[in-house]
Engineer: 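Quick one: this structure, given as structure tokens, is what I'll be asking you about.
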Amino acid sequence: MGRLDNEIAIVTGGASGIGEQIVDLFSQEGATVIAADINEAALEKANNKDNVVGMKLNVASDEEWAQVAKEIKERYGHIDILVNNAGISSEKAFKDIDLEDWQKMLAINGFGPFAGIKHIAPYMSEQKQGSIVNISSYTAQIGQGFNHYSASKGAVRALSRAAATQFGRSGVRVNTLFPGIIDTPMTQGLSESKELLNQLIQATPLQRLGKPDDIAKAALFLASDDSSYITGAEIVIDGGFSAQ
Ligand SMILES: NC(=O)c1ccc[n+]([C@@H]2O[C@H](COP(=O)([O-])OP(=O)(O)OC[C@H]3O[C@@H](n4cnc5c(N)ncnc54)[C@H](O)[C@@H]3O)[C@@H](O)[C@H]2O)c1
């Protein structure tokens, strides 16, 4: 028996990195998982997996979210889990960030999770149950030179608390994960520089980079009934980096 038997889960950014690992773990645990991503080519791989359905979604589009939510509800009759994971990153300096950069970052990393909750939480409220997991970042909590990326992830943190408060009375839980540096395509540049990689590992109490599975396991806990009395919570998964 799986921990997510018969559940319908949506994972945004499910075609790569952390999202792909969450898709795989949730499907192994018995869920039918919709891997929603803007990268249609990468979604072909998702479509070849058991109990995984790839769906094209630009999380920054209100219209596409409305369409995807309706389609999933009509096809399966219920939606139990939403993982707002899709995101982009940037290390641009303050002086180089213009309004267009800001708007793109906030549209994908901020509006994306907001629109996911806006379109999916009402279905969960009707069902009187559901779990939403938002992926923020340790950079929402400590200054690490990520500037507008950090701001977008701070928005996710505040949004999660607002949504947990708003939807708790109808049985919908909303929690947030704060990954540290995780070895995925997003951080490829870091792991390709041996010197920088060593510095990062040395600076981390648990002496390694994170793996997508470290995040997926925590997402599984928050998605499943094991966390049925937990909402509005925040879990930092960074090997102790931001505790220093
Ligand atoms: N890797 C890290 O070190 C790290 C640390 C903290 C937080 N995070 C967060 O974890 C999440 C996943 O990151 P990752 O490292 O797996 O990155 P990744 O680049 O491997 O995957 C991101 C996925 O999001 C998708 N995506 C991008 N824009 C989209 C859009 N507009 N609509 C739909 N899908 C879109 C991409 O196509 C890709 O499949 C992101 O929100 C990221 O900010 C990552």
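These numbers were taken from a predicted model, which means no experiment stands behind them. First listed ligand is number 1; within each ligand, the first listed atom is number 1.
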Engineer: Side chain of S131, backbone of L222: donor and acceptor closer than 3.5 Å?
Structural biologist: yes
Engineer: Working to the nearest 0.5 Å, report the span between CD1 of I201 and CG of L209.
Structural biologist: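 Between atom CD1 of I201 and atom CG of L209 there are 5.0 Å.
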Engineer: Give a yes or no on whether the backbone of E64 and the side-chain of S61 come within a donor-acceptor separation of less than 3.5 Å.
Structural biologist: yes
Engineer: Which atom pairs, one a donor and one an acceptor, fall under 3.5 Å between side chains of residues 152-159 and the rest of the protein, sequence neighbours left out?
Structural biologist:
from : atom 1 : to   : atom 2 : distance (Å)
S152 : OG     : N109 : ND2    : 3.1
S152 : OG     : Y149 : O      : 2.6
K153 : NZ     : I135 : O      : 3.1
R157 : NE     : E234 : OE1    : 3.2
R157 : NE     : E234 : OE2    : 3.0
R157 : NH2    : E234 : OE1    : 2.9

Engineer: According to the ring-ring contact (aromatic ring centres under 6.0 Å, His included) rule, which pairs have a member within residues 223-244, sequence neighbours left out?
Structural biologist: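 Of all non-adjacent pairs touching residues 223-244, those that pass ring-ring contact (aromatic ring centres under 6.0 Å, His included) are Y138-F241.
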Engineer: Dump the pairs for me: ligand 1 N or O, protein N or O, distance under 3.5 Å, to 0.1 Å.
Structural biologist:
from     : atom 1 : to   : atom 2 : distance (Å)
ligand 1 : 1 (N)  : I182 : O      : 3.3
ligand 1 : 1 (N)  : T184 : OG1    : 3.2
ligand 1 : 3 (O)  : G180 : O      : 3.4
ligand 1 : 3 (O)  : I182 : N      : 2.8
ligand 1 : 3 (O)  : I182 : O      : 3.4
ligand 1 : 15 (O) : T184 : OG1    : 2.5
ligand 1 : 16 (O) : I18  : N      : 2.8
ligand 1 : 20 (O) : S16  : OG     : 2.6
ligand 1 : 31 (N) : N58  : OD1    : 2.9
ligand 1 : 32 (N) : L57  : O      : 3.3
ligand 1 : 32 (N) : V59  : N      : 3.0
ligand 1 : 34 (N) : I38  : N      : 3.3
ligand 1 : 37 (O) : D37  : OD1    : 2.6
ligand 1 : 39 (O) : D37  : OD1    : 3.4
ligand 1 : 39 (O) : D37  : OD2    : 2.6
ligand 1 : 41 (O) : N85  : O      : 2.7
ligand 1 : 41 (O) : K153 : NZ     : 2.8
ligand 1 : 43 (O) : Y149 : OH     : 2.6
ligand 1 : 43 (O) : K153 : NZ     : 3.1

Engineer: Which pairs, with at least one residue in residues 101-123 and sequence neighbours excluded, count as a ring-ring contact (aromatic ring centres under 6.0 Å, His included)?
Structural biologist: F111-F114
